[in-house]
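Take a look at the structure set out below.
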Amino acid sequence: MKKLALIGCGLIGNYHLEHFLDFDDIEVVGFCDLIAERAESFAKRVPDAKAYTDFRRMFDETEPDMLFIGIPPDQHGEIEFEAIRRRIPFFVEKPLALDLDLARRINAAVEEAGLITACGFQVRYSSLVEPNRRFIRENEVVFIDCLRMGGIPGAPWWTDKARSGGQIVEQTIHQFDIIRYLFDEPVEVFTYGTRGFVKGVPGYDTDDLTTTVVRFRGGALGTLSTGCYATGGDAVDNKLTFSARDCRAELRILTDLRLVGTAAAGAARRDGGEGDGDGSDEGGGEGGSGGLVVKGDGAMYASGDGGVLLRETNKAGILCDRTFIDAVISGDGSKIRSPYADALKSLEFTLACNRSMETGQPVKLNLG
Ligand SMILES: NC(=O)c1ccc[n+]([C@@H]2O[C@H](COP(=O)([O-])OP(=O)(O)OC[C@H]3O[C@@H](n4cnc5c(N)ncnc54)[C@H](O)[C@@H]3O)[C@@H](O)[C@H]2O)c1
């Protein structure tokens, strides 16, 4: 049986551990955290697993066949280089690092060692990926709009941009990544950030809100906005809209995909989506119960098609972990949807936004 070790026994470490506890074809041998009690509390949940505060000692004593890394964004480097030196395949949480040059050096070492790697972009494993891709294939997307408005996550390092990278890099990178995966590569970004709206949070030193304009390789444009100023649920919003001439797809990552517009919704309905119009609106007449479309005169009209709602059914987070573990067991990494080399491009996309904010200039990207 292959042996697995985990470094970083915090929030995301616990999420992965919950998955491991359901897998009976791997042996979880070690947990490492700088805070000994955290590693110990994880080790208590797995028979024969040991707790460590020194990852090298854990590697020496447990000789893992694979590694999960769930540490804060500014802590990367040493662990990855040591895993590569020992040829231990690793799954690493996003963002890969805060320093692009460091992530590039890790990537070069991974490629040289021919190591299997994966990054925690679990959204790529959702059941919504295929219908969303089909929508994009069948409808020419002109504009992408992304909103991710929420509050401040609990991790102590989060509110310090120097440690977290800021919200785009640490959190909304999921949306930036899925846009790349589903749609197109960005070629240029321009980002504004603002502060001063979040009040009374000790040690707070990051952007409250950012808005990024993106130009994509194929000519489409996007606006990607993300904020952490919300203090009540009613201020929270999370939606990625792919807008085409006569229809649109609204993706709430890991939750649902709503297709609005008769043709797009019709295709999804045939594939088993849930209609949430009144069923009589299939002809696309005005006055239906659904979303809005702009007609030729520029005015807003109800689409007449309430759209079709598809729900995520894959348990994407489990599938993401499982795909990496299966790859290590079989030695075939081809099913991994986010190897280190690709996750590096999403990091570059988000770090370009930070650079644009710092310089007040657009930043060009060449991600291939
Ligand atoms: N894929 C996702 O959806 C998802 C969700 C949450 C967090 N994350 C990512 O996971 C990472 C960790 O986030 P979190 O919320 O679990 O943070 P956390 O603070 O809850 O946990 C991190 C843990 O790592 C430990 N740690 C710090 N430096 C270490 C080091 N050098 N060696 C060993 N242990 C170390 C800390 O003591 C802590 O217990 C972040 O990069 C975050 O972006 C991903």
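Each ligand, and each atom within it, is numbered from 1 in the order the structure gives.
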State whether the side chain of Lys345 and the backbone N or O of Leu367 hold a donor-acceptor pair below 3.5 Å, judged by distance alone.
yes
Give the numbers and elements of all ligand 1 atoms closer than 4.0 Å to a heavy atom of Pro95.
41 (O), 43 (O)
Could you label the plane-to-plane angle of the Phe20 and Phe23 rings as parallel, tilted or perpendicular, counting under 30° as parallel and over 60° as perpendicular?
tilted
Distance under 4.0 Å to a non-hydrogen atom of Gly120: what atoms of ligand 1 satisfy this?
1 (N)
Heavy-atom nearest neighbour in the protein, as seen from atom 2 (C) of ligand 1, with distance rounded to 0.1 Å:
His174 NE2, 3.4 Å
Under 6.0 Å between ring centres, would you say that holds for Phe183 and Phe216?
yes
Give the atom numbers and elements of ligand 1 that come within less than 4.0 Å of a heavy atom of Gln122.
1 (N), 2 (C), 3 (O)
In ligand 1, the atoms that come under 4.0 Å of a heavy atom of Ile35 are 37 (O)
Number the atoms of ligand 1 from 1 as they appear, then name those within less than 4.0 Å of a heavy atom of Pro72, with their elements.
22 (C), 24 (O), 26 (N), 27 (C), 28 (N)
Mind checking whether Ser164 has a heavy atom under 4.0 Å from ligand 1?
no
Under the salt bridge (charged side-chain N to carboxylate O under 4.0 Å, His left out) criterion, do Glu82 and Arg85 qualify, and how do the steps go?
CA-CA 5 Å; Glu82 188 61 25; Arg85 197 180 69 75; 2.8 Å; yes
Considering only the protein, which heavy-atom contact is closest to atom 23 (C) of ligand 1, and what is its distance?
Asp33 OD2, 3.6 Å
At less than 4.0 angstrom from any non-hydrogen atom of Gly8, what atoms of ligand 1 do you find?
24 (O)
Have Thr241 and Glu250 got a donor and an acceptor in their side chains that come within less than 3.5 Å?
no
Identity and separation of the nearest protein heavy atom to atom 34 (N) of ligand 1:
Leu34 N, 3.5 Å
Atom 16 (O) of ligand 1 has as its nearest protein heavy atom Ile12 N, 2.8 Å
Where is the nearest protein heavy atom to atom 33 (C) of ligand 1: which residue, which atom, and how far?
Ile7 CG2, 3.6 Å
Quick check for you: to the nearest 0.5 Å, what is the distance between His16 atom NE2 and Gln122 atom CD?
7.5 Å
Go through ligand 1 atom by atom and flag the ones less than 4.0 Å from a non-hydrogen atom of Gly10.
16 (O), 20 (O), 21 (O), 23 (C), 39 (O)
Verify side-chain contact (heavy atoms from CB on, under 4.5 Å) between Arg86 and Asp60, making sure each step is shown before the conclusion.
CA-CA 10 Å; Arg86 295 177 190 237; Asp60 286 344; 2.8 Å; yes
Among the heavy atoms of Trp157, does any lie under 4.0 Å from an atom of ligand 1?
yes
Which residue and heavy atom of the protein sit nearest atom 42 (C) of ligand 1, plus the separation
Glu170 OE2, 3.2 Å
Considering only heavy atoms from C-beta outward, does the side chain of Ser346 approach that of Phe176 to under 4.5 Å?
no
Distance to 0.1 Å, residue and atom name: give those for the protein heavy atom nearest to atom 44 (C) of ligand 1.
Glu93 OE1, 3.1 Å
Heavy-atom check, side chain of Asn314 versus side chain of Ser126, under 4.5 Å
no
Distance-only donor-acceptor check, side chains Tyr52 and Glu61, under 3.5 Å
yes
Protein contact to atom 22 (C) of ligand 1 [nearest heavy atom, distance to 0.1 Å]
Gly70 O, 3.6 Å
Would you say ligand 1 has an N or O under 3.5 Å from any N or O of Ile79?
no
Quick check against the 3.5 Å criterion: does Ser356 have a side-chain atom that pairs as donor or acceptor with the backbone of Gln361?
yes
